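To start, the structure under review is shown below, and the notes come after it.
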There are 2 protein chains.
Amino acid sequence: MKQRRNTKQRQLVLDAVKAHNDHPSADQVYLDVRAIDNKISRGTVYRNLNLLTQSGEICQIKVPDADRFEYRLDFHHHLLCTKCGAVCDAPLSYHTELDQEMAKKTGYSIKRHQTVFEGLCPNCQHSLK
Amino acid sequence: MKQRRNTKQRQLVLDAVKAHNDHPSADQVYLDVRAIDNKISRGTVYRNLNLLTQSGEICQIKVPDADRFEYRLDFHHHLLCTKCGAVCDAPLSYHTELDQEMAKKTGYSIKRHQTVFEGLCPNCQHSLK
DNA sequence: ATGGGTGCAAAGTGTTTGCAAGTAT
DNA sequence: ATACTTGCAAACACTTTGCACCCAT
């Protein structure tokens with residue numbers, strides 16, 4: 001069975017995600033890490049983001065254009081600005097009972113659900129005028 | 001100002017989406033339409049799917065791998081099987097008041113929200129055994 | 001020493017786009 | 001006649017992968 005090694009690159013990727021509170025994309029993580037280690041490659045960053053996501057150390061948010069990553073372990077929801085692409089955590093509690101209800105109604109086994117609110121962030125509302 | 005024309009291709013794309021109840025991807029729509037008109041191109045299908053989405057005649061569901069389309073006009077939620085990729089409508093009513101609440105709390109102007117339940121469909125649960 | 005990990009570059013996907021020709025209005 | 005649409009192919013953006021070398025264990 002495969003065992004995980006601790007590499008400098010993996011640690012840098014994890015640190016970069018931790019340091020952000022704005023849900024960086026893989027490319028933003030790459031650029032951040034690249035500023036410290038100018039040898040690291042995109043492939044390595046992607047591989048490590050996937051690895052860390054699978055092991056549950058970070059979470060991945062699927063939004064248009066590019067997936068985002070976040071160092072937060074509990075299930076929660078997000079707000080997406082459809083103009084500038086900003087992503088932030090939504091102040092809405094997670095209702096586990098919805099998962100159970102949905103499972104009962106549909107026969108699916110539900111692992112979780114995620115809600116994305118789409119709209120315009122305060123900045124982008126102003127810039128429309 | 002730009003006005004819409006009725007082309008055979010656009011109608012075929014809309015019909016193909018209507019004919020499906022399984023949330024086809026752009027490529028599935030392309031293949032369906034292609035079976036009728038073997039000249040239509042992927043570009044045309046994508047352009048028309050985007051056009052019809054913008055005008056609100058169909059709706060687009062953002063899921064991993066490829067966006068899905070559906071001929072259903074009211075806001076609603078979805079179930080995604082993370083194994084086989086199947087998408088189906090979730091029996092969960094849409095709560096407009098959540099949008100208002102979120103807008104008030106965050107300063108975003110919310111257009112809508114969408115919840116995706118992730119899990120395994122009945123078929124995929126069985127095939128795991 | 002082993003075999004997981006890395007850097008690099010090439011390949012993959014899904015989607016968009018520039019352009020000349022075609023066609024709905 | 002006008003200008004919206006199409007087909008085609010090339011271009012795109014994001015992500016994955018094959019391979020030889022490297023290094024944590």
Side-chain angles (χ1 to χ4, degrees), chain A residues 1-17 23-55 57-70 80 82 84-85 87, chain B residues 1-17 20 23-55 57-70 80 82 84-87:
Chain A
M1 108 166 219
K2 195 162 177 170
Q3 70 180 14
R4 173 91 57 95
R5 288 187 186 170
N6 293 319
T7 63
K8 181 180 54 127
Q9 289 88 339
R10 180 129 62 226
Q11 189 59 49
L12 285 173
V13 168
L14 180 56
D15 289 347
V17 175
H23 307 73
S25 65
D27 204 62
Q28 288 174 303
V29 172
Y30 168 72
L31 291 174
D32 282 10
V33 171
R34 186 82 186 191
I36 298 170
D37 172 356
N38 69 349
K39 284 287 183 30
I40 200 169
S41 72
R42 275 201 169 74
T44 296
V45 170
Y46 276 96
R47 273 186 289 237
N48 279 314
L49 286 172
N50 287 338
L51 238 155
L52 293 166
T53 299
Q54 281 174 16
S55 70
E57 288 160 85
I58 60 177
C59 83
Q60 189 180 34
I61 307 145
K62 300 261 175 194
V63 287
D65 299 333
D67 293 341
R68 306 295 203 91
F69 296 88
E70 177 179 21
L80 166 69
T82 51
C84 72
V87 173
Chain B
M1 108 163 216
K2 195 163 179 170
Q3 71 182 17
R4 174 90 57 93
R5 287 187 188 169
N6 293 320
T7 62
K8 180 182 53 130
Q9 291 87 339
R10 181 128 62 226
Q11 190 60 50
L12 285 173
V13 168
L14 180 56
D15 288 346
V17 175
H20 271 270
H23 307 76
S25 65
D27 203 61
Q28 289 173 305
V29 172
Y30 167 71
L31 292 174
D32 282 10
V33 171
R34 186 81 186 192
I36 297 170
D37 173 354
N38 69 348
K39 283 288 183 27
I40 201 169
S41 71
R42 274 202 170 70
T44 297
V45 171
Y46 275 96
R47 274 185 289 236
N48 279 314
L49 286 171
N50 288 338
L51 238 154
L52 293 167
T53 299
Q54 281 173 19
S55 71
E57 288 160 84
I58 60 176
C59 83
Q60 186 179 37
I61 307 144
K62 300 259 177 198
V63 288
D65 300 332
D67 294 342
R68 306 294 204 90
F69 297 88
E70 179 178 23
L80 167 69
T82 51
C84 72
V87 173

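Note that the coordinates shown come from a computational prediction; the quantities given were computed from them, not determined experimentally. Every heavy atom of this structure was used, including side-chain atoms; hydrogens, water molecules and symmetry mates were not.
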Subject >> Length of the line joining B:I61:CD1 and C:dT15:P, which is rounded to integer Å >> reply: 13 Å
Original post:
Taking OP1 and OP2 of D:dT16, is either one under 4.0 Å from a side-chain nitrogen or oxygen of A:N50?
Top reply: yes
Original post:
Under 4.0 Å between a side-chain N/O of A:R4 and OP1 or OP2 of C:dG4, yes or no?
Top reply: no
Original post:
Taking B:Q28 for the side chain and B:S25 for the main chain, is one N or O donor matched with an acceptor at less than 3.5 Å?
Top reply: yes
Original post:
Side chains of A:N6 and A:R10: does their closest heavy-atom pair fall under 4.5 Å?
Top reply: no
Original post:
Is the shortest heavy-atom distance from the side chain of B:L49 to the side chain of B:V17 under 4.5 Å?
Top reply: yes
Subject >> A:T44 side-chain N/O to C:dG7 phosphate OP1/OP2 under 4.0 Å >> reply: yes
Original post:
Between D:dT17 atom P and A:L51 atom CG, what is the distance in whole Å?
Top reply: 13 Å
Subject >> Validation row: A:V87, A:E70 side chains within 4.5 angstrom (heavy atoms) >> reply: no
Original post:
What is the distance, rounded to the nearest whole Å, between atom CD of A:Q28 and atom P of D:dT15?
Top reply: 11 Å
Subject >> Pairwise 5' ranking along DNA chain C for B:S25 and A:K8, keeping only the more 5' one >> reply: A:K8
Subject >> Nucleotide D:dT5, atom P - distance to CD1 of B:I40 in whole Å >> reply: 14 Å
**OP:** Among the candidates D:dG7, C:dG7, D:dT15, find the nucleotide nearest to the side-chain atoms of A:Q9.
**Re:** C:dG7
Original post:
Expressed in angstrom and rounded to an integer, what is the separation of B:D67 atom CG from C:dT13 atom C1'?
Top reply: 12 Å
Original post:
Atom CD of A:Q11 to atom C1' of D:dC23: distance rounded to whole Å?
Top reply: 17 Å
Subject >> From D:dT15, C:dG5, C:dT15, nucleotide with atom closest to B:Y46 side chain >> reply: C:dT15
Subject >> Proximal nucleotide (of C:dG5, D:dT6, C:dA24) relative to the B:R5 side chain >> reply: C:dA24
Original post:
Where each residue is assigned the nucleotide of DNA chain D containing its nearest heavy atom, which of A:R42 and B:G43 is assigned the position nearer the 5′ end?
Top reply: B:G43
Subject >> Minimum-distance nucleotide (side-chain atoms of B:N6 versus C:dT17, D:dT17, C:dT25) >> reply: C:dT25
Original post:
Over how many whole Å does the gap from B:D37 atom CG to C:dT23 atom P extend?
Top reply: 12 Å
**OP:** Please tell me which of the listed nucleotides, D:dG7, D:dT5, C:dT16, lies nearest to the side chain of B:T7?
**Re:** D:dT5
**OP:** Kindly write out the residues that satisfy side-chain contact (heavy atoms from CB on, under 4.5 Å) with B:A86, not counting sequence neighbours, or none if the list is empty.
**Re:** A:Y108, B:C81, B:C84
**OP:** Report which part of the nucleic acid A:D27 touches: base, sugar-phosphate, or nothing (heavy-atom distance under 4.0 Å, all strands).
**Re:** nothing
Original post:
Side chain of A:R10, base of C:dG4: donor and acceptor closer than 3.5 Å?
Top reply: no
**OP:** Take B:D27 and B:R42 through the side-chain contact (heavy atoms from CB on, under 4.5 Å) test and state the conclusion after the steps.
**Re:** CA-CA 8 Å; B:D27 203 61; B:R42 274 202 170 70; 2.8 Å; yes
Original post:
Nearest to the side chain of B:S41 - D:dC8, D:dT17, D:dT15?
Top reply: D:dC8
**OP:** In whole angstrom, give the distance that lies between atom OH of B:Y30 and atom C1' of C:dT13.
**Re:** 16 Å
Subject >> Shortest side-chain distance from B:A66, nucleotide among C:dT15, D:dT6, D:dT15 >> reply: C:dT15
**OP:** From the options C:dT6, C:dT15, D:dT6, select the nucleotide whose nearest atom is closest to the side chain of A:N48.
**Re:** C:dT6
